[in-house]
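In what follows, a single structure is set out as structure tokens and then discussed.
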Amino acid sequence: RRWRVHAGLAPAAGSGVIIVAIDPGMKGAIAHIWPNGTAGVADLPIFDDGLDRRLDGRGIYDQLLAWIPPSEPCMLVVEDVRVRNTGNDNARNTTHSQTSLIRGRGIIEGVASVARLRINWVTPQKWKNHFSLKRESEDEKPSVTKARSLVMARRMFPALEHDLRLAKHDGRAEALLMARWAQVTLL
């Protein structure tokens, strides 16, 4: 199966491009917005055989197959996460968490390659600044920003409120907001 790839160039108004956005990570999510405004979101599938736990590339690919007809143009947007010495709460990142992050990024790149989709990378700062979701102070905990993301996503996507009802659904909210960011800034 092949999708018509939309390279991120500005098409005519009323574009028929489906936006897919991925908030990577073990607690991440994948979201889509159709040109008519219909949206969906799901947690990223996890492969766990008791010995190994990682993003499930086949599951992500299957999600793309379920959401996007092969004849439809699609734009894939993925948050450009990088390894840092400290996490959002200024605690040191462990080698394990850094390895998991880079491994997940590679799995997503592999899925995009198999699906023949070009990845449009976006830094968290860029899309969050668009929605005024950056941390308001150095002391603000990341959970406060994530809670604001949930509130905003519930407002923008009321039909998905059930999928955004819990604090742990912040990855879903961020994937939806990233998709909306791409829809309004890249199309």
Distance, nearest 0.5 Å, that separates CD1 of Ile119 from CD of Glu109: 5.0 Å
Distance, nearest 0.5 Å, that separates NZ of Lys146 from CG of Leu133: 10.5 Å
Qualifying residues under side-chain hydrogen bond (donor to acceptor under 3.5 Å, both in side chains), relative to Gln63, sequence neighbours excluded: none
Trp127 and Glu79 side chains, donor-acceptor separation under 3.5 Å: yes
Heavy-atom donor-acceptor pair, Asp43 side chain to Ala29 backbone, under 3.5 Å: no
Note, Asp170 side chain near Ser149 side chain (heavy atom, < 4.5 Å): no
Side-chain touch Glu174/Lys128, heavy atoms, less than 4.5 angstrom: yes
Validation row: Val111, Leu55 side chains within 4.5 angstrom (heavy atoms): no
Salt-bridge criterion met for Glu161 and Arg165 (N-O under 4.0 Å): no
Joint cluster assignment, Leu164 & Val151, ILVMFWY side-chain distance < 4.5 Å: no
Between CH2 on residue Trp181 and CG on residue Leu176, distance to nearest 0.5 Å: 15.5 Å
Same cluster (ILVMFWY, side-chain, under 4.5 Å), Phe47 and Ile60: no
Side chain to side chain, Lys126 and Asp80, heavy atoms closer than 4.5 Å: no
Approximate separation, where rounding is to 0.5 Å, of Ile102 CD1 and Arg105 CZ: 6.5 Å
Show me the donor-acceptor pairs within less than 3.5 Å that the side chains of residues 17-28 make with the rest of the protein, sequence neighbours left out.
none

Any donor-acceptor N/O pair, Arg118 side chain to Met75 backbone, under 3.5 Å: no
Atom pair CD1 (Ile30) and CE (Met178), whose distance is rounded to the nearest 0.5 Å: 10.5 Å
Residue pair Ile33 / Gln183: nearest heavy atoms and the distance that separates them: CG2-NE2, 3.4 Å
Which residues share a ring pair (Phe, Tyr, Trp, His ring centres under 6.0 Å) with Trp67, sequence neighbours left out: His32
For Asp52 against Arg103, the heavy-atom pair lying closest together: OD2-NH2, 3.0 Å
Path from Val144 to Met152 over hydrophobic side-chain contacts below 4.5 Å: no
Nearest-0.5 Å distance that lies between atom CZ in Phe157 and atom CG in Leu177: 6.5 Å
Shortest non-hydrogen contact from Asp163 toward His169: O-ND1, 3.2 Å
Heavy-atom side-chain proximity of Arg172 to Leu160 below 4.5 angstrom: no
Shortest non-hydrogen separation from Arg148 to Lys134 and the atoms involved: NH2-O, 2.9 Å
